[in-house]
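Start at 1 and go down the list; that is how both ligands and their atoms are numbered.
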Amino acid sequence: MTILQPIRKAAVIGAGQMGLGIAYVTAVHAKVPLTIHDPSSSVLSSAMEKYKSLLSRDVSKSRLSQNEADEALSRVRGVQGDGGGDIGDSIKDDVDIIIEAIPEIPELKLRLFKRLGNILPESTILGSNTSSISITKLAASAGSGSGLGKEQGRKSSERVIGIHYFNPVPQMKLVEIIPALQTSQSTIERARAFGKACKKEVTTSSDSPGFIANAILMPMINEAIMVLERGIATAEDIDLTFKLGMAHPMGPLTLADLIGLDTCLNIQRVLHSETGDSKYRPAGLLVKMVDAGWVGKKGGKGFYEYDGKGNKMN
Ligand SMILES: NC(=O)c1ccc[n+]([C@@H]2O[C@H](COP(=O)([O-])OP(=O)(O)OC[C@H]3O[C@@H](n4cnc5c(N)ncnc54)[C@H](O)[C@@H]3O)[C@@H](O)[C@H]2O)c1
């Protein structure tokens with residue numbers, strides 16, 4: 001039996017809704033200390049506030065003792081910056097795993113992985129929470145830094161892997177693991193072990209646009225938006241059809257609001273551009289809503305409207 005190199009320290013890059021949730025399961029369940037990085041100081045401070053309130057809720061519901069919550073709080077430190085090395089030593093080179101959760105924009109992630117590949121030792125796993133972007137391309141980028149020779153570049157690509165959590169991370173019990181073409185077996189095993197330490201069931205998908213979940217889910221959401229756009233039914237009736245007719249816990253438009261309409265559009269664009277198949281063309285209404293700044297629950301308005309606490313108002 002091979003002994004896997006342990007995960008003793010982590011870093012999460014991006015403190016949005018997914019980054020915060022990933023930080024929570026890393027600190028609370030895997031009990032691994034971490035830094036969480038975001039360029040926006042307001043996002044970072046609101047993520048830390050939300051983290052504290054998640055811990056208080058756990059204590060009030062007797063899911064954690066006060067002592068466990070205090071320990072979990074002391075394991076997380078917010079750092080302003082993009083964690084990619086632009087700001088000196090914001091990412092320490094003793095982290096065993098990085099999980100990137102920045103916006104679903106290929107150029108942004110490719111640039112970050114190139115920098116991380118250059119600055120971090122080859123034993124650090126470079127994980128991406130991407131919903132759809134090619135892990136193989138991220139791995140190639142991590143191996144392409146100017147500071148790396150040919151052999152170092154190959155090794156750097158081998159530690160890249162997709163580690164795809166579901167929203168909201170503290171509640172959803174699944175993580176999808178997506179090895180790139182270049183990923184080594186030991187990276188796969190370490191990432192699986194980390195997913196289990198975060199108390200998740202682990203599935204494996206090969207590296208194909210949208211992997212398992214979003215290859216199926218996002219076209220369904222896109223179709224639901226097209227049904228709304230064609231005036232076939234109201235948003236409420238579309239959602240009720242899925243809740244009561246198919247026993248989904250929430251309808252596709254409510255789910256799109258939860259995911260973030262900007263993220264849905266970015267995923268659908270990746271599916272469209274990577275496959276070249278016109279069936280993935282994003283719904284016109286989705287494009288317009290994102291243009292209007294209506295990005296769903298996180299922005300207060302999407303197919304429904306939300307108050308400051310994220311409760312539906314209509
Ligand atoms: N929302 C979901 O339901 C969901 C589910 C699974 C996976 N994902 C994936 O997770 C990733 C993040 O999604 P999200 O919903 O948390 O988005 P989000 O918009 O809530 O958060 C993204 C965060 O990244 C920060 N950011 C931007 N550029 C950065 C950089 N260069 N370095 C560090 N931080 C940067 C932003 O300030 C923002 O806080 C995406 O790849 C998305 O596809 C999302």
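- Residue Leu240 belongs to a hydrophobic cluster whose other members are Leu244, with links defined by side-chain heavy atoms closer than 4.5 Å.
- Taking a heavy-atom cut-off of under 4.0 Å, ligand 1 is surrounded by Ile13, Gly14, Gly16, Gln17, Met18, Asp38, Pro39, Val43, Asp82, Ala101, Ile102, Pro103, Glu104, Lys109, Asn129, Thr130, Ser131, His164, Tyr165, Asn167, Ile259, Thr263, Lys298.
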Please tabulate, one pair per line, all N/O donor-acceptor pairs under 3.5 Å involving side-chain atoms of residues 12-29, not counting sequence neighbours.
from: Gln17; atom 1: OE1; to: Asn167; atom 2: ND2; distance (Å): 3.4
from: Gln17; atom 1: NE2; to: Leu258; atom 2: O; distance (Å): 3.4
from: Gln17; atom 1: NE2; to: Ile259; atom 2: O; distance (Å): 2.9
from: Tyr24; atom 1: OH; to: Asp58; atom 2: OD2; distance (Å): 2.3
from: Thr26; atom 1: OG1; to: Ile22; atom 2: O; distance (Å): 2.7

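- His272 has its ring centre no less than 6.0 Å from the ring centre of Tyr280.
- Hydrophobic cluster membership for Met172: Phe166, Leu174 (Ile, Leu, Val, Met, Phe, Trp, Tyr linked by side-chain heavy atoms under 4.5 Å, directly or transitively).
- The 12-atom threshold is not exceeded at NZ of Lys137, counting heavy atoms of other residues, nucleotides or ligands nearer than 6.0 Å.
- Between the side chains of Ser132 and Asn214, no donor-acceptor pair is found at a separation under 3.5 Å.
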